[in-house]
Amino acid sequence: RGKGNALRAGFEAATGDIIVMIDADGSTDPSEIPAFVDCLLHGADFAKGSRFLEHARSGTADMPLLRKLGNWGFVAAVRLFFGGRYTDLCYGYNAFWASALPHLKLDADGFEIETLMNIRALRAGLNVEEVPSFEYERVHGVGRLQTFPDGWRVLKTILKEFARSLSARPTAAPQLKSLRTRT
């Protein structure tokens with residue numbers, strides 16, 4: 001049960017070198033996948049979709065104002081606590097090298113999984129690049145995201161990861177240039 005559990009099961013079953021996360025509701029465009037993969041092939045460990053990059057290809061037709069404001073607040077908190085420069089924190093269109101999974105140590109069950117992935121990628125020193133993406137209105141299914149309960153879970157995830165970072169031993173964080181071996 002839950003988006004996090006579903007994604008973790010998918011990651012465990014994946015057999016390729018690159019994993020692409022895409023929502024099944026038809027709101028994300030599969031024709032954008034080459035842009036994500038290209039980002040990985042040019043040195044990124046994690047290609048993170050963003051609906052809010054200042055780019056002609058980014059945007060959303062499926063996010064009410066309240067959720068936009070919440071996402072903006074979460075982005076600000078991650079920038080403050082972790083130094084990340086994300087423009088979008090709660091978007092599920094991402095691609096990454098399968099070899100990045102052990103660095104993420106995923107254990108979230110719900111919609112907070114994307115936030116957890118983004119924070120742990122920063123904390124692990126992964127090379128993360130944002131990719132402009134457009135989110136369309138859902139074509140299939142019914143949205144299960146509940147603004148306040150799921151927003152609360154995202155906020156708790158941010159605060160819990162911040163507390164963990166404070167209690168971690170003060171060692172230099174690994175600055176991985178890339179998980180991919182260049183040939």
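As a basis for the values below, the full set of heavy atoms in this structure was taken, side chains included, without hydrogen atoms, waters or symmetry mates.
A donor-acceptor pair is defined here as one N or O able to donate and one able to accept, closer than 3.5 Å; such a pair exists between the side chain of D150 and the backbone of Q146. Judged by distance alone, with hydrogens and angles left aside, the side-chain atoms of N71 form a donor-acceptor pair with the main-chain N or O of C90 at under 3.5 Å.
Between I119 and F81, every side-chain heavy-atom pair lies at or beyond the 4.5 Å cut-off. Using a 4.5 Å cut-off on side-chain heavy atoms (C-beta onward), R153 and D109 make contact. Using a 4.5 Å heavy-atom threshold, the side chains of N94 and F46 count as touching. Proximity of L7 to M21: side-chain heavy atoms (C-beta onward) are separated by under 4.5 Å at one or more points.
For the side-chain hydrogen bond (donor to acceptor under 3.5 Å, both in side chains) test, no residue two or more places apart in sequence or in another chain qualifies with D17. Shown here are the side-chain hydrogen bond (donor to acceptor under 3.5 Å, both in side chains) partners of S50, two or more places apart in sequence or in another chain: T87.
Aromatic ring orientation, F96 versus F11: perpendicular (interplanar angle above 60°, classes split at 30° and 60°).
Contacts classified as salt bridge (charged side-chain N to carboxylate O under 4.0 Å, His left out) and involving residues 54-66 (residues at least two apart or in different chains) are not found.
Cluster membership check: I158 shares its hydrophobic cluster with L104, using side-chain heavy-atom separations under 4.5 Å among Ile, Leu, Val, Met, Phe, Trp and Tyr.
The closest side-chain donor-acceptor pair between T60 and E135 falls under 3.5 angstrom.
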